[in-house]
Amino acid sequence: MAKVPAAAVAAGGLVGGYGIARWTGKRPLGGVALAAAGSVAAYEWKRQAGPLAATGLTVAYVAAFAGSHPLAKKVGAWPAVFTVAGGIAAASWAVTRRGAR
């Protein structure tokens, strides 16, 4: 089975969670997708970089989700979601790439 990088899982959780909530009209369903992807990413962060890094990246993931809301008022919903998804993907890659060597 191909391994999906934690950075892609986290970014996909933010984008997918918003997309599901928007297209179904059911915000809790989007929250389930967001939480599921966050849990998978956190597991991988812990495995690859340790518990301290995983905690920091998990906090960043939640902050990215929360921060997308006020950002959306300035730039629009989708641009805000893509911005925070890119930010968390970059942070994840930067922290976990050392463990991949």
Side-chain angles (χ1 to χ4, degrees):
M1 176 183 248
K3 185 173 176 185
V4 178
V9 173
L14 289 162
V15 173
Y18 175 69
I20 290 169
R22 179 165 178 137
W23 289 318
T24 64
K26 298 183 185 327
R27 292 180 73 176
L29 191 57
V32 168
L34 180 81
S39 296
V40 170
Y43 173 81
E44 283 301 313
W45 291 328
K46 183 177 178 187
R47 192 180 68 73
Q48 293 175 10
L52 187 59
T55 300
L57 287 168
T58 301
V59 168
Y61 182 77
V62 173
F65 167 70
S68 69
H69 292 83
L71 182 60
K73 292 180 181 179
K74 296 180 190 276
V75 300
W78 280 112
V81 170
F82 287 127
T83 299
V84 300
I88 197 66
S92 175
W93 178 81
V95 171
T96 61
R97 71 186 169 112
R98 284 180 234 135
R101 292 183 200 177

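Please read all numbers here as calculations on a predicted model, not as lab measurements. Residue numbers start at 1 and run along the sequence shown.
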key: V15 versus A85, closest heavy-atom pair with distance   = CG2-CB, 3.8 Å

ask   = Closest approach of A7 and A89, non-hydrogen atoms and distance?
value = CB-O, 3.5 Å

query = Near R47 CZ, under 6.0 Å, is it more than 12 heavy atoms from other residues, nucleotides or ligands?
reply = yes

ask   = Which heavy atom of A80 sits nearest a heavy atom of V75, and at what distance?
value = N-CG2, 3.8 Å

note = Looking only at heavy atoms, the pair that brings A53 and V95 closest together is CB-CG1, 3.6 Å

task = Compute whether any side-chain donor of one residue and acceptor of the other, for T96 and W45, lie under 3.5 angstrom apart.
result = no

message = Please list all pairs meeting side chain to side chain donor-acceptor pair (under 3.5 Å) that have one or both residues in residues 69-90, counting only residues at least two apart or in different chains.
response = none

ask   = Do the side chains of V81 and W23 join up, straight or via other hydrophobic residues, at under 4.5 Å, putting them in one cluster?
value = yes

inquiry  = According to side-chain contact (heavy atoms from CB on, under 4.5 Å), who are the partners of A60, at least two apart in sequence or on a separate chain?
reply    = I88

query = With R22, which residues qualify under salt bridge (Lys or Arg N to Asp or Glu O under 4.0 Å), at least two apart?
reply = none

request  = State, to 0.1 Å, how close A37 and Y61 come at their nearest heavy-atom pair, and which atoms those are.
outcome  = CB-OH, 4.0 Å

message = Would you say that more than 12 heavy atoms from the other residues, nucleotides or ligands in this model lie under 6.0 Å from the CG of L29, or not?
response = yes

Distance, nearest 0.5 Å, that separates CD of E44 from CG of L57 = 12.5 Å

ask   = Between the main-chain N or O of F82 and the side-chain N or O of Y18, is there a donor-acceptor pair closer than 3.5 Å?
value = no

request  = Quick one: closest heavy-atom pair of G17 and A33, and the distance?
outcome  = CA-CB, 4.1 Å

